[in-house]
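Quick note on labels: first sequence line is chain A, next is B, and so on, each numbered from 1.
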Protein chains: 2
Amino acid sequence: MKVYKIPEATVMRLSVYSRFLHQLIDEGITTVSSGDIARGVGVSSAQVRKDLAYFGEFGTRGVGYRVDELYGHLMKILGLDQAWNIILVGAGKLGSALALYQGFAERGFHVSTVVDVDPKRIGTKLGDVEVEPISVLQERVKEKNIRVGVVTVPASAAQDVTDLLVEAGIKAILNFSPRVLKVPHRVILRNVDLSVNLEVLSFNLALNR
Amino acid sequence: MKVYKIPEATVMRLSVYSRFLHQLIDEGITTVSSGDIARGVGVSSAQVRKDLAYFGEFGTRGVGYRVDELYGHLMKILGLDQAWNIILVGAGKLGSALALYQGFAERGFHVSTVVDVDPKRIGTKLGDVEVEPISVLQERVKEKNIRVGVVTVPASAAQDVTDLLVEAGIKAILNFSPRVLKVPHRVILRNVDLSVNLEVLSFNLALNR
DNA sequence: GACTGTGAAGCCATTCACAGCT
DNA sequence: AGCTGTGAATGGCTTCACAGTC
């Protein structure tokens, strides 16, 4: 893949396109145009074509794209042609919800380990995964070849567990805690900040009052 | 407020700055420079100053910003000088977790109503809020002056409950379902797509293999 | 000397518009 | 005629760099 720099926004849209295509497959639709996709996900058709153009030529001029074929390409591009083991740190309300979230499993993300510090939570089951003490973190990451960690601990503990994940050799972290985390450059970090999202809404609502 | 167009990225950073300032207040720090903030949240100091400049001049040249003062300005700008009632639609795993999430309450977002279609969930308590049937949605929105709705239902039900929220006069929607929702222009929509976030990570990990 | 506020420059993403296929 | 792929134009956000202020 000769890839210089793909905008993150493009990657996010590819993920959305791929889910839309999945819908079309379920509906038995076999061919789709960039305009159809655009209408389906709420972007412009030029945007769809540009996004795809980063990775190759997948369509046929005058016709469009074969749905199953394009879907396969997108899944490959997104790295979803393989399953990913992930470790979840923090088995509180949010952590438990994510551990049981169907949407992850559907896309090939398998929560293979859940750890927590709270003795009351250790030993409980989330689906078929048992909550383990945080001391097993390094061992599990190694033995299960886990590359992605999800942080769902309170803000005060977030940097500490992040350091543990980094030390264990994790490659990417999805952070749900409302804290700015420091990680080495080699580790990919994404933040899903629930409050920030609500605050963007309240900002916009507050604008016109 | 004479505001032309504030980049969304700016609004999101303001939210992060405000939380950082809150930390500083807890630590008893009274003055801060744009460089301090920049280091604390991982952006450039020019970025911090530009973001603030959209809204006025809050600092003193040669000195910096008064922490409590700047914090107050940011909270006002973000619309957090008032409490917001929010309605949560869908009391499944994720919905329950969000209903009980402390981070919302801390920032003045009060989950005042939770509704669901599942009879088994109706009548159960999430903290001090009782899950009610979806039929009360319109009534609750009106009587409690709710302007923000949070959608945490399965993808298949997402558009239907969104239509209900829009019809009830909701002003902004935070969507956690993996579906692209259609809303009228007057309604503000934000998506928190959990799978998309993981897929951006897997994309980046898959790049170098 | 230190730090803010800001015009200008640079950079990156989106949109336009059309040539090229089918 | 319809739709893709793409260079060029546009628009918008970020970084630079410095004048202004304490």
Query raised in the report: Given atom CZ of A:F55 and atom P of D:dG5, what is their separation to the nearest angstrom?
Result: 14 Å
Query raised in the report: Counting only side-chain N and O atoms of A:Q47, is one of them less than 4.0 Å from OP1 or OP2 of C:dT15?
Result: yes
Query raised in the report: For A:I37 and D:dG2, what is the distance between atoms CD1 and C1' respectively, to the nearest whole Å?
Result: 16 Å
Report summary line: Regarding the side chain of A:A46, the nearest nucleotide among C:dG5, C:dT15, D:dT15 is C:dT15
Query - Any donor-acceptor N or O pair under 3.5 Å, side chains A:Q102, A:R107 - result: no
**Report entry** N/O donor-acceptor pair, side chain A:K50 with base D:dT6, under 3.5 angstrom
**Finding:** no
Requested in this report: Grab the CG-P distance between B:D36 and C:dC3 for me, whole Å please.
Outcome: 8 Å
Query raised in the report: In whole angstrom, what separates A:E57's CD from C:dA19's P?
Result: 18 Å
Requested in this report: Could you tell me whether the phosphate oxygens of C:dT4, OP1 or OP2, come under 4.0 Å of any side-chain nitrogen or oxygen in B:T60?
Outcome: no
Report task. For A:T113 and A:V115, run side chain to side chain contact (heavy atoms under 4.5 Å, CB included): C-alpha distance rounded to whole Å, both residues' side-chain angles, the deciding distance at 0.1 Å, then the answer. Result -> CA-CA 7 Å; A:T113 303; A:V115 299; 4.0 Å; yes
Query raised in the report: Which listed nucleotide (C:dT15, D:dC13, C:dA8) is nearest to the side chain of B:P7?
Result: D:dC13
Query raised in the report: Under the 3.5 Å rule, do the base of C:dG20 and the side chain of A:R61 count as making a donor-acceptor pair?
Result: yes
Query raised in the report: Nearest of D:dC3, D:dT6, C:dG5 to any side-chain atom of A:A53?
Result: D:dT6
Query raised in the report: Under 4.0 Å between a side-chain N/O of B:R49 and OP1 or OP2 of D:dA17, yes or no?
Result: no
**Report entry** Separation of atom OH in B:Y65 from atom C1' in C:dG5, rounded to whole Å
**Finding:** 8 Å
